[in-house]
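Scroll down for the structure; my scribbles are underneath it.
Proteins come first, then strands; the chains are lettered A, B, ... in the order of their sequence lines, and each starts at number 1. Note that the structure is a prediction, hence the values are computed from the model and not measured.
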Amino acid sequence: MLYIMSMETLNLRNNLRKYRKLAGGLTQQELAERTGVSRQSIISVEQGRYRPSVELALQLARALGVTVEDLFELASEEENA
Amino acid sequence: MSTRQLLHLGGSVDFVANLLMAGGLLGIVLGGIQWGIALISLGLFGPYLMRETGVLPWQDEFQREVIMRSGMHALLAVGLLVTAIMVVEGVGGRTDVDGRWAMKDAMTASTALLVLAVTWILSRTLQYWGTLVGARRFLMGYFGIGLLAMVVVFLGAMGREQGLSLGNWLLGFAQIGWVGLLVLGINRWPRLVGWLLLGTVASAVPHFITIAGQNMGEPAWIGVVEGACMMGLPLLVPGFALIAHRKTKEHR
């Protein structure tokens, strides 16, 4: 059977808040300044309301000293249930 | 120019744009409609015209996506309204030859600009705040302003013989109360509340048509359409956002 992975069957899980805290309790503003985006962007990514571009994901990972896979991971709908 | 300076510059331009829009609104209230509309358009479109032509950089990718999506929502709102009016005009064949109001005249340029601006601003704010928080704030504001307006008008009408009947007053307060009630369900049943908001607006349409049909002239009908848009859009935009919220659910 062919399974088509669409936006509705995959969700993006992010650990940005966790790694921000692990990185010495970095504030959202500080992380925003390190990555060159607005604080609103960090809030939106953290809350899962915005999916960052590959470039921003890499910048976030670099700023926090982790890999992109540490920060973001895909989860299927079944895992969410 | 550093990223921080770019963010600061973009924020300053947006701040000036907001001041221009507020000034334009004040201008319209004070009677300077042409200048008011010019200022609102300058504040509304100016910064994004500058960004699209490369004069001013985008603050970041999140801001760009929010603006793009708000623009799409505004396009949908204006496009659907224009289509609906044109279809009704064609099907109904209403003309003002026999003294009846003309549907084609109900959609003026100012109505289109109003719908575009209100939808765009609501959508943009909703995306910045997040759907649940934004919808809750919008509805609480709607409830508060609506209740205040009802009380003021009610107190103003006391002692006069003419005015709305008791039934209409109760209906008005019940509608405002209904919106207040929906606020309570946003977190638990966002999609249901979204549908109920759309239903609330849909149920008000016959009411507005009745008002417009009561021997009103063309200017009054235009006012009714604009009034309906102003009252309906703050419910419709969060309503659609709440319905879509579940589909785009992501982990927090």
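- Rounding to the nearest 0.5 Å places OG of A:Ser44 at 13.5 Å from CH2 of B:Trp129.
- Here the CZ atom belonging to B:Arg64 is positioned 11.0 Å from the OG atom belonging to A:Ser41, to the nearest 0.5 angstrom.
- The distance from atom CZ of A:Arg39 to atom CG of B:Asp60, rounded to the nearest 0.5 Å, is 13.5 Å.
- Heavy-atom neighbours of B:Met68 CE from other residues, nucleotides or ligands within 6.0 Å: above the threshold of 12.
- Inter-residue side-chain proximity for B:Glu61 and A:Tyr50 is flagged as met; some heavy-atom pair is nearer than 4.5 Å.
- By the 6.0 Å contact criterion, CE on B:Met50 is enclosed, its count of non-hydrogen atoms from other residues, nucleotides or ligands being greater than 12.
- Of all heavy-atom pairs spanning A:Arg49 and B:Gln127, the tightest one is NH1-O, 2.7 Å.
- The nearest pair of heavy atoms linking A:Gln40 to B:Phe62 is CG-CE2, 3.5 Å.
- Within a 6.0 Å sphere centred on CZ of B:Phe240, other residues, nucleotides and ligands contribute 12 heavy atoms or fewer.
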